[in-house]
Amino acid sequence: MARAMWKGILTIGEERVAVKLFAAVEDRTVRFRLLHDEDGVPVKQRLVEPESEEIVEYAETERAFLTPERDLVVLHRDELEALEPAPSREIEVLRFVPKAAVDERWYERPYYLGPDGDASELAALAAAMRETERIGIARWVMRKKEYRGALRVADDGVPMLIMLRSADEVIVASELGAPTGKALDEREIAMAQQLLSLLESRFEPTQYRDEYRERMLELIRAKAEGKVIRHKAARPLRVEPDLAKALRESLEAERKRA
Amino acid sequence: MPEDGNEEQDVLDGGGARSLWSGAITFGLLSLAVDLFPAVRSEAVPLKIVDSKHRLLTRRYFCPQHERMLSRDEIVRGYEIREGEYVIVTDEELESLAPEKSRAIDLRKFVDVAEVDPKYFKRSYFLTPAESEANRAYRLLAETMERSGRAGIATFVMRDKEYLVALVSENGVLRADTLRFHDELRGPAEAGLPLEDSPEPKAVERYKRAIAELAAEEIDRAELVDTRTAKLRALIEQKLERGVDVERAAVAEEEEEEAEVIDLMEVLKRRLQPEEREPAPARRERTGKSRRDDELEGRSKAELYERAKALGVPGRSKMDKDELVRALREAGG
């Protein structure tokens, strides 16, 4: 069983539920080290003053904000420390909203919630959330950092807390203007809609594999065994520049496949 | 130029005026060139590192064996197979892993995005039409997808990594939400879950009342503000106003190109509606060049390189900017 990464107390109005957080993400990135090509030694990063090429130790550095006018505002360590939030175990739920109220762009990283001690309270909360079909918006402080999250119950009944990005990070999308141009041809839209409907399906996550990662690991294995790697020649995609013709031919091809 | 995993993430997080990737969306035989930009800002108030004399510092690679700084072309990418033993992997080898087809966002499946569990969502990017020729196909696809209410699901390779994306259309703008692959998520069983199935009905009622008390129809952006960021911003403004701890930053030569700080929102607006924001037809007429040529020349070398990569232009890694523009013109991109 995985170890809990943090313990907290969910507060919902007067109610309090002790929970443990478990990471739901497993990092599978193929990690490379950067090496000096001459001796194969892993490189280190150093902070350098570019003019004098002087190496500066991390402990001797300070932070500064650079304005667009290139003014440097120096922020001292004690000033930055004073901005750190007060430590707390509370995960405060502020409101419960319909699932659709949270745009996908807010979601950052999921965690499972398990009970810390008595499981009955968390089970009751999960059941209540399922019935109301709402998700909670929560805030908490963990390891000197502030977090925001969506409290929800997954299809399998397990409560989750999904970290949300901050309002500063998420652009208000409605302020963006769409590309404009001559009115579209309704017949082309109809053809595109037909093509789309032929490709409609359900989302099945297990269907997709990171094949690039698999090929990368294969390549590494083969190289480790001293095998010669053949490079595949790239083949360009077939593309039809005429919009209407492209749609017509795609529709025909897709109907034949079906 | 090799990048390790962490750095790669940094590259994709970065805002700024440049697109992160240039490529194509294909839908049947229809293809449209697009540029990809972040849909979320990475850090609201990014801080620089300075030394005790308040000079801006940069990060450089250093070989502890030779005790000297290294330039980019002295660095290779290695995968550790045994302690201290590495397999070197070159850029060309990585590139050969992605067949041409995998470099396009090929829409072969459309789903109801509400079906996708939120735990899959990773990060969002906006897609903009890369050139005026792509405008009509872009609008056609955006309109069609919006009417159907469906999201396209596809995988594609960008900067040495494969991405699973849900392509959604909102208000006439296409957005790619990257999704985690299924094997990047743990099951709840690994955390000793799920819970017992039959909670006390009384307790459930108690929580239902607590939920009803806090019910609202919308989120409140003010509740989702990072208070540390807000305080940091206030501190900076206060210092600027009083002129305390404010200094003129020296402009390092290599930095000048990036010195222009542009808000992501502004960049996106310019890319989505170029006609309304860049009224520069005079220049086009004077040089006698087509619009498309101008579009290519107005791009950074990195963007041109990405496009050349997407089109499989041979010898691109040794080309300078002008050569890339010429080669792209010949390749029709």
Side-chain angles (χ1 to χ4, degrees), chain A residues 1-2 12-13 15 22 29 31-32 35-37 41 43-48 50 56 61 63-65 68 70 72-74 83 95-96 104-105 107 110 112 123-125 127-128 157-158 166-169 177-178 192 200-201 203 205-206 208 210 212 215 220 223-224 231 234 239-240 246 250, chain B residues 4-5 28-31 40-41 44 47 49-51 57 59-63 65 76-79 87 96-97 100 109-111 115 118-119 121 124 144 162 172 177 181-182 188 191-195 199 203-204 207-208 210-211 214 216 221 224-226 231 236 245 247 249 252 261 273 312:
Chain A
M1 191 174 117
I12 301 157
E15 308 295 337
F22 298 90
T29 314
R31 301 244 172 244
F32 289 105
L35 316 170
H36 185 193
D37 62 354
V41 169
V43 302
K44 292 211 154 44
Q45 277 205 358
R46 285 291 169 86
L47 289 165
V48 176
V56 180
T61 59
R63 299 293 170 276
F65 178 74
R70 296 197 66 78
L72 211 51
V73 184
V74 180
L83 300 179
R95 57 174 68 207
F96 283 89
E104 294 79 17
R105 291 180 302 146
Y107 292 120
Y112 289 114
L125 169 63
V158 178
S166 76
D168 276 316
E169 293 171 275
E200 256 178 59
S201 171
F203 177 62
T206 51
Y208 303 96
D210 189 340
Y212 186 82
R215 285 196 294 269
I220 290 164
K223 283 192 84 170
H231 292 223
V239 164
E240 171 55 56
S250 308
Chain B
D4 70 14
L29 292 172
L30 202 105
S31 169
V40 287
R41 294 189 185 94
L47 296 184
I49 301 182
V50 295
D51 67 3
L57 302 179
R59 286 178 202 277
R60 292 266 175 83
Y61 293 113
F62 179 84
C63 176
Q65 192 93 344
V76 291
R77 181 195 289 110
Y79 183 85
V87 170
S96 73
L97 295 178
E100 219 44 40
K109 188 175 259 198
F110 288 87
V111 305
E115 259 182 39
K119 68 183 174 191
F121 290 99
S124 298
T144 305
E162 183 159 355
D177 294 334
F181 283 99
H182 190 66
L193 308 165
L195 308 157
V204 177
Y207 281 106
K208 275 166 77 174
I211 291 168
L214 294 173
R221 285 184 79 97
L224 295 165
V225 163
D226 188 88
K231 282 187 206 160
I236 290 167
D245 292 325
E247 294 167 29
V261 180
Q273 299 186 311

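Quick note on labels: first sequence line is chain A, next is B, and so on, each numbered from 1. Computed over heavy atoms, backbone and side chain alike; hydrogens, waters and symmetry mates excluded.
- Contacts between A:Val56 and chain B at a heavy-atom distance below 4.5 Å involve the side chain alone, from C-beta outward.
- Residues A:Gly13 and B:Leu214 approach most closely at N-CD1, 4.1 Å, considering heavy atoms.
- With sequence neighbours excluded, no residue forms a salt bridge (Lys or Arg N to Asp or Glu O under 4.0 Å) with A:Glu169.
- Side-chain contact between B:Ile49 and A:Arg63 is present, with at least one heavy-atom pair separated by less than 4.5 Å.
- In plain terms, the two heavy atoms of B:Ser124 and A:Arg105 that are nearest each other are OG-CG, 3.1 Å.
- Within the 4.5 angstrom heavy-atom criterion, atoms from both the backbone and the side chain of A:Val48 approach chain B.
- Atom OH of A:Tyr212 and atom CG of B:Leu97 lie 5.0 Å apart (nearest 0.5 Å).
- Of the listed residues B:Ala210, B:Gly28, B:Pro118, B:Cys63, the one with more heavy-atom pairs under 4.5 angstrom with chain A than any other is B:Pro118.
- Using a 4.5 Å heavy-atom cutoff, the side chains of B:Lys119 and A:Tyr112 are in contact.
- Residue A:Asp168 comes nearest to B:Arg41 through the heavy atom pair O-NH1, 3.1 Å, listed as atom of the first residue, atom of the second, then distance.
- Between A:Pro50 and B:Arg60 the shortest heavy-atom distance is CB-NH2, 4.1 Å.
- Contact of B:Val50 with chain A is made through backbone and side chain together, with heavy-atom distances under 4.5 Å.
- For a residue to count as touching a neighbouring chain, one of its non-hydrogen atoms must lie under 4.5 Å from one of that chain's; by this rule B:Asp177 touches chain A with the side chain only.
- Here the shortest heavy-atom pairing between A:Ala224 and B:Val87 reads CB-CG2, 3.8 Å.
- Side-chain contact between A:Gln45 and B:Tyr61 is present, with at least one heavy-atom pair separated by less than 4.5 Å.
- Both the backbone and the side chain of B:Tyr79 come within contact range of chain A, each with at least one heavy atom under 4.5 Å from a heavy atom of that chain.
- Here the shortest heavy-atom pairing between B:Gly78 and A:Leu35 reads CA-CD1, 3.8 Å.
- For the atom pair OG1 of A:Thr206 and NE2 of B:His182, the computed distance is 6.0 Å after rounding to the nearest 0.5 Å.
- For B:Arg221, the CZ atom sits in a packed shell: over 12 heavy atoms of surrounding residues, nucleotides or ligands are nearer than 6.0 Å.
- A:Tyr107 pairs by the side-chain hydrogen bond (donor to acceptor under 3.5 Å, both in side chains) definition with nothing, not counting sequence neighbours.
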